[in-house]
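Worksheet: one structure, shown below.
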Amino acid sequence: REGIRPQLALGVTGFKRIVGRRPTGAWLAECAYHPSFDDEIARAGIGFTILDTHGIEHARPRPTYGVHAPICSPSGVAFFGRDAESSKQVWSRDEGYPGDVFYRDFYRDIGFDLAPEHLQEEVAGDGSRLMTGLKYFRITGKEAHKQAYQPGVAAERAAEHAGNFVFNRAAQLRHLAGSMAVPPIVVAPYDAELYGHWWFEGPMFLEQVFRRMHAAGGGDVEAITLRQYLDRHPVCPQATPSASSWGAGGYGEVWVGQEAAWTWRHVHHATRYAKWLVAKHRGAGGRAGQALDQAIRELLLLQSSDWPFIIKTGTATRYAEARIRSHTHRLRHLGHLLETGRIEGDDAAWLDDVCRRDNFLAQLGGAELQAAFET
C-alpha cells in the first residue's frame, strides 16, 4: 500500500509539469482497480477513470445501464467502463479490423528475411537478428507464404473499416438510447501501441473515424471525451466498482499469477525501503539528494507492470528478469550510498551513469519526487 499514493501523486505531478495543468482524470495502470484504492484516487484529485467491462457490470449495486453510463464511487470518483462490442472490433486479431489480409504484417521484417550480408549494421554483435522496421509483406493469411504489401489498398481498407466502425457505433447508440434516461456513451479505450505499431494502418483508421463523425455533424454519434460527458451530465448513480483489471482473466492474474508472483516480494520490500529512505534523508542536497531522487525513479521503474507481463507471456523473459534485478540492485546501492554519506570517486561516477541511463520523470525536482511519499 505504501506505493499507491506515490504512484498517483507522481502521475498527477508529472502530467502537470508536462502539460501545464492538473489532470481531471487518469488511466490506472492496466485498468487495475480494487475498492480500497478509492480514497487514494480521490485524494490525488483524480475525478474519473476507466475500468474494464466487468469492473462496472459487477459493481455494487449493479448499475442500471451497465457500461453505457458512468457510476460514482463513495469517494466521488466517476468510473467509466470499456464497451466490449467496440473493443472487439478493433482489438481482436481474429475478428477485428487489424487482422485484415491487406494490412501490413508486423512479424515479417527484413531483419529476419534477408541474408546477413544485405543487412549491414542491422545485425547484433552476437549475430542475432533484430527488427528493422522495414516490412514488405501484408498479412495475407495464416500460412507462411505472404504477398507483397500494397500501401494504397491498405489505406482504402482503413477508410472502409472506419466507415464500418462509425456506422456500427451509430446503430449501437440508437439502440441504447431507446431504453436509457440519459444519453448513452460508448467508451472505446485502447493501448496507444496498437496504433502504428501492431496495427500499422491504425493512425489512418483513427483519422478517418474522426473525419466521418465530423462529416455526420453529430447526428447519431459524436466524438466526446469523458470529461465533456461529465460536464454535460454531472449526476451519476453511486456504486462501488468491482476489483478488476483488463488482460487475460480480467482480475490481475497476468501480473500477479503463478509465473510472475515471485517479483512482488522484491517490489514490496523495495517500496518500503524507498519510503524509509525518503523519511530519513528528505531534503538532502548535493550528491545525496541526487541519489535519493534516483532511488525514487528506480522504484517506479521496478514497479512497472511491463516486467510481470513479459514474464507471463514469455516474450522476453530474461530481459524482464534482468530489469527487475537491475532496478532492485540500483535502489539498494543508492540507499547504501545515502547511509554511508560518502559519494565520491567511483561511486560518484556510478551515480552519474545510473542517472543518465534511466532519467525517468527528469522534469520533476527532488522536492516533488520526495513529497509524493508523504503520509
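Only a predicted model underlies this, so the values are computations on that prediction, with no experimental measurement involved.
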Leu364-Leu277 co-clustered via ILVMFWY side chain contacts under 4.5 Å: yes
pair Lys280-Glu339: side-chain heavy atoms closer than 4.5 Å: yes
Check: Asp100 and Ile139 side chains under 4.5 Å, non-hydrogen atoms: no
Glu298 side, atom CD; His327 side, atom NE2 - distance, nearest 0.5 Å: 6.0 Å
CZ (Arg60) with more than 12 external heavy atoms under 6.0 Å: no
Contact check, side chains of Ile310 and Arg323, non-hydrogen atoms, under 4.5 Å: no
Nearest non-hydrogen partners of Leu51 and Pro241, listed with the distance: CD1-CB, 3.4 Å
Qualifying salt bridge (Lys or Arg N to Asp or Glu O under 4.0 Å) pairs, either residue in residues 61-88, two or more places apart: Asp52-Arg82, Glu85-Arg169, Lys88-Glu95
Ile71 to Ala239 - nearest heavy-atom pair and separation: CD1-CB, 4.0 Å
Hydrophobic cluster membership, Val90 vs Phe167, 4.5 Å side-chain cutoff: no
Donor-acceptor contact below 3.5 Å, side chain Asp109 vs main chain Gly111: yes
Min side-chain heavy-atom separation Tyr149-Lys135 under 4.5 Å: no
Beyond-backbone contact of Ser75 with Phe37, side-chain heavy atoms, under 4.5 angstrom: no
Cation-pi geometry met for Arg332 and Tyr273 (6.0 Å, 45°): yes
Straight-line distance of Leu369 CG to Arg282 CZ, nearest 0.5 Å: 11.0 Å
Leu361/Arg17 under side-chain contact (heavy atoms from CB on, under 4.5 Å): CA gap, chis, key distance, verdict: CA-CA 10 Å; Leu361 288 179; Arg17 179 60 65 89; over 6 Å; no
Ion pair check, Asp105 and Arg138, cut-off under 4.0 Å: no
His233 atom NE2: more than 12 heavy-atom contacts under 6.0 Å: yes
Donor on one side chain, acceptor on other, Thr271 and Gln303, under 3.5 Å: yes
Minimum heavy-atom distance Gly283-Gln370, with the two atoms named: N-OE1, 3.0 Å
Glu122 and Ile110: CA distance, side-chain angles, deciding distance, side-chain contact (heavy atoms from CB on, under 4.5 Å) verdict: CA-CA 10 Å; Glu122 299 296 334; Ile110 67 167; over 6 Å; no
Parallel, tilted or perpendicular, as decided by the 30° and 60° cut-offs, for the rings of Tyr107 and Trp198: tilted
For the student: nearest non-hydrogen atoms of Trp27 and Pro189, plus distance: CH2-CB, 3.5 Å
Rounded distance [0.5 Å steps], CD in Gln294 versus CG in Asp358: 7.0 Å
Verify same cluster id: Val221, Phe165 (apolar side-chain graph, 4.5 Å): yes
Donor-acceptor contact below 3.5 Å, side chain Ser245 vs main chain Gly252: yes
Backbone N/O of Leu337 and side chain of Arg287: donor-acceptor pair under 3.5 Å: no
Whether over 12 other heavy atoms sit under 6.0 Å from Glu117 CD: yes
Test item: Gln172 and His68 side chains (from C-beta on) under 4.5 Å apart, heavy atoms: yes
Whether Phe205 and Trp199 hold their rings parallel, tilted or perpendicular, with breakpoints at 30° and 60°: tilted
Presence of salt bridge, Arg232 and Glu222, under 4.0 angstrom: yes
Lys/Arg N to Asp/Glu carboxylate O, Glu160 vs Arg157, below 4.0 Å: yes
Atom of Val187, atom of Ser86 and distance for their closest heavy-atom approach: O-OG, 4.1 Å
Nearest-0.5 Å distance that lies between atom OG1 in Thr340 and atom CG in Leu338: 8.0 Å
Donor-acceptor pair, side chain of Thr263 and main chain of Ala261, under 3.5 angstrom: no
Other ILVMFWY residues reachable from Val19 by side-chain steps of under 4.5 Å: Phe15, Ile18
Nearest heavy-atom neighbours spanning Ala9 and Ala372: CB-CB, 3.9 Å
Validation row, ring centre Phe137 to ring centre His145 under 6.0 Å: no
Nearest-0.5 Å distance, CD1 of residue Ile185 to CG of residue Leu230: 8.0 Å
Glu2/Arg272 salt bridge by N-O under 4.0 Å criterion: yes
Geometric class of the Trp246/Trp91 ring pair [parallel <30°, tilted 30-60°, perpendicular >60°]: perpendicular
Asp353 CG: over 12 foreign heavy atoms closer than 6.0 Å: yes
Within 6.0 Å of OH in Tyr195, more than 12 heavy atoms from elsewhere: yes
Side chain to side chain, Pro6 and Lys275, heavy atoms closer than 4.5 Å: no
Hphob cluster co-occupancy, Leu334 + Leu292, side-chain heavy atoms under 4.5 angstrom: no
Within 6.0 angstrom of Phe112 CZ, more than 12 heavy atoms from elsewhere: yes
Under 3.5 Å: donor-acceptor pair, side chain of Tyr136, backbone of Arg108: no
Met180 with Val67, same ILVMFWY side-chain cluster at under 4.5 Å: no
Arg357 atom CZ, neighbour heavy-atom count above 12 within 6.0 Å: no
Donor-acceptor under 3.5 Å (Thr132 side chain, Leu134 main chain): yes
Polar side-chain atom of Ser326 near backbone of Ala322 as donor-acceptor pair, under 3.5 Å: no
Parallel, tilted or perpendicular, as decided by the 30° and 60° cut-offs, for the rings of Trp262 and His266: perpendicular
Lys/Arg N to Asp/Glu carboxylate O, Glu40 vs Arg1, below 4.0 Å: no
Any donor-acceptor pair under 3.5 Å from Tyr33 side chain to Leu28 backbone: no
CD (Glu368) with more than 12 external heavy atoms under 6.0 Å: yes
Pair Leu176-Tyr65, side-chain contact (heavy atoms from CB on, under 4.5 Å): steps then yes or no: CA-CA 9 Å; Leu176 291 168; Tyr65 303 127; over 6 Å; no
Heavy-atom side-chain contact between Cys355 and Gln290 under 4.5 Å: yes
Ala26 backbone acceptor or donor facing Thr49 side chain under 3.5 Å: yes
Gln147 side chain vs Phe102 backbone, donor-acceptor pair below 3.5 Å: no
Spacing of Arg297 atom CZ and Leu10 atom CG [to the nearest 0.5 Å]: 10.0 Å
